[in-house]
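Here is the structure we will look at, set down as structure tokens.
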2 protein chains.
Amino acid sequence: MHRVMVEPRIPLSRDRVLRAAVRIADEQGIAALTMRRLGEVVGAEAMSLYHHVSNKEDVLDGIAEQVIQEINDAVAGLPPQQDWKRAVRERILLALQLLLKHRWAPAVFETRKTTLGAVLRYHDGLIGLMRAGGFSNDLCHHALHALGSRALGFSQELFDTGDDAGAPPDLAELPHLAGMLMEVVHDDPDSTIGWCDDQFEFEFGLDLILDGLEKIK
Amino acid sequence: MHRVMVEPRIPLSRDRVLRAAVRIADEQGIAALTMRRLGEVVGAEAMSLYHHVSNKEDVLDGIAEQVIQEINDAVAGLPPQQDWKRAVRERILLALQLLLKHRWAPAVFETRKTTLGAVLRYHDGLIGLMRAGGFSNDLCHHALHALGSRALGFSQELFDTGDDAGAPPDLAELPHLAGMLMEVVHDDPDSTIGWCDDQFEFEFGLDLILDGLEKIK
DNA sequence: ACCTGAACACCGTTCAAGT
DNA sequence: ACCTGAACACCGTTCAAGT
């Protein structure tokens with residue numbers, strides 16, 4: 001008696017785990033995303049997940065990164081634009097549209113200990129658009145702070161990498177960001193990666209809005 | 001043999017529970033705020049807390065309300081200002097300063113199901129300042145959306161009271177807010193409390209920032 | 001190499017029992 | 001009226017044991 005060939009079960013993988021996690025969060029909310037429920041959905045015990053992700057924080061990092069990468073892929077397909085303002089506007093509105101499919105995402109972004117690589121790539125692209133539009137690196141820096149939560153639906157301070165930053169980002173892949181940081185740090189010896197003058201940036205963004213309102217009034 | 005008079009233990013109360021909860025969150029982070037730890041700090045079993053708060057969500061509502069009330073009390077003491085922009089600016093910067101003592105607060109605000117009464121009172125005050133400065137009710141409405149997370153350090157959409165709104169707010173105590181809503185709803189029959197054109201408001205705030213940047217460039 | 005069951009140290013909350 | 005201990009139904013995670 002021989003055994004029937006059984007379709008080999010698709011083996012678990014980090015990618016399959018993360019995709020399932022995104023689906024759970026989308027459909028049932030982030031609170032429904034537990035390791036046990038995640039195991040159920042991928043057809044394994046919760047404990048098997050730990051062979052593919054290191055822990056639940058890693059799952060949250062992974063699904064956040066996945067959402068932002070989806071945005072990065074989408075904005076990469078936008079047609080070039082000669083007007084910086086149209087380009088930035090279009091890019092941000094597309095990001096918002098995709099973000100609305102994952103309502104849980106901004107809250108998860110905000111709890112990440114370290115800025116995700118995909119977030120840095122997104123901002124690198126924004127800086128590129130503004131530089132092409134004639135912005136100084138300094139103004140790019142203030143602009144990112146001012147856009148704040150509007151850029152990616154959340155307000156985590158950029159560059160506030162916290163105490164236990166993971167692998168340092170590969171600045172070679174982030175030319176605009178690297179250029180901006182080099183200049184901003186150079187101009188202001190007190191400034192380093194991991195520290196911006198938050199009070200100044202807050203007031204800069206606030207005044208941009210208040211001055212704009214005054215003009216409309 | 002008679003018993004020594006014992007200083008009667010200070011009885012538990014909602015206020016005492018909430019104060020202890022704020023202290024835990026301030027000193028050890030919001031993750032350290034568990035019902036068991038809270039019971040420990042007030043010198044009672046965790047289960048005793050349920051005589052004074054209905055559950056943990058109620059604790060979170062309570063500490064969020066407490067922080068915003070602290071802000072409301074502080075801004076009430078600000079001297080009157082004839083220039084609306086100075087008044088709004090000063091008020092928001094004071095709110096930010098107090099908020100920085102409770103770094104956990106914005107995240108808690110964002111998870112509240114229903115807009116807290118203290119938040120409505122804060123915004124009622126802001127509307128009052130802008131009305132006094134000559135803003136139309138319509139512009140006040142857009143301005144609150146544009147300020148968004150800068151007004152109170154978080155970006156919960158105002159008026160999005162969700163499905164299970166609790167007791168409706170007492171509009172008599174919120175004259176400016178009530179006036180604004182009446183007019184905004186009147187002007188736009190599609191608009192109701194609980195629904196704003198989020199896409200429009202997002203673009204309004206975004207354009208305010210982009211136009212402001214262009215002017216600086 | 002990958003998966004599992006049992007177990008551990010936590011949660012929030014209910015409930016019957018105490019004073 | 002207020003407080004409590006034990007218990008319940010969950011968490012994330014560890015670990016020794018299986019294939």
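Within every chain, numbering begins at 1; the chains are lettered A, B, ... in the order of the sequence lines, protein sequences first and strands thereafter. Here the structure is a predicted model, which is why all the values come from computation and not from measurement.
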Charged N to carboxylate O under 4.0 angstrom, [X] versus [Y]?
| X | Y | result |
| --- | --- | --- |
| A/Arg121 | A/Glu65 | yes |
| B/Glu70 | B/Lys101 | yes |
| B/Asp61 | B/Lys113 | no |

Open item on the list: Please evaluate residues A/His52 and A/Asp15 with respect to the criterion side chain to side chain contact (heavy atoms under 4.5 Å, CB included), reporting the C-alpha separation (whole Å), side-chain torsions for both, the decisive distance (0.1 Å), and the verdict.
Closed with: CA-CA 9 Å; A/His52 303 98; A/Asp15 194 62; over 6 Å; no
TODO: Taking only heavy atoms on the protein side, list every residue of residues 50-59 of chain A lying under 4.0 Å from any atom of DNA chain C, sorted numerically.
DONE: A/His51, A/His52
Open item on the list: Mind checking if A/Met35 touches a base, just sugar-phosphate, or nothing, with heavy atoms under 4.0 Å?
Closed with: sugar-phosphate
Open item on the list: For a quick check of understanding: with a heavy-atom distance under 4.0 Å over all strands, which category does A/Ser48 fall into, base, sugar-phosphate or nothing?
Closed with: base
Open item on the list: Can a donor-acceptor pair be found, under 3.5 Å and without considering hydrogens, that links the side chain of A/Asp58 to the backbone of A/Val53?
Closed with: no
Expressed in angstrom and rounded to an integer, what is the separation of [X] atom [atom1] from [N] atom [atom2]?
| X | N | atom1 | atom2 | value |
| --- | --- | --- | --- | --- |
| A/Met47 | D/dA16 | CE | C1' | 14 Å |
| A/Glu45 | D/dT19 | CD | P | 15 Å |
| B/Leu38 | C/dT13 | CG | C1' | 14 Å |
| B/Leu49 | C/dG12 | CG | P | 10 Å |
| A/Glu40 | D/dC10 | CD | P | 11 Å |

TODO: Take B/Leu60 and B/Phe109 through the test side chain to side chain contact (heavy atoms under 4.5 Å, CB included) and record every step on the way to the result.
DONE: CA-CA 9 Å; B/Leu60 294 175; B/Phe109 297 159; over 6 Å; no
TODO: State whether a side-chain donor-acceptor pair under 3.5 Å links A/Gln28 with A/Arg23.
DONE: no
Open item on the list: Would you say the ring centers of B/His145 and B/Phe202 fall short of 6.0 Å from each other?
Closed with: no
Open item on the list: On DNA chain C, compare the nucleotides closest to A/Arg36 and A/Ala46; which residue's is nearer the 5' end?
Closed with: A/Ala46
Task: Secondary-structure notation, DNA chain C, from Watson-Crick and G-U pairs under 3.5 angstrom (| other strand) - done: ||.|||||...|||||.||
Task: A/Gln199 vs A/Glu203, side-chain hydrogen bond (donor to acceptor under 3.5 Å, both in side chains): CA-CA, chis, key distance, verdict - done: CA-CA 6 Å; A/Gln199 182 72 26; A/Glu203 295 187 22; 2.9 Å; yes
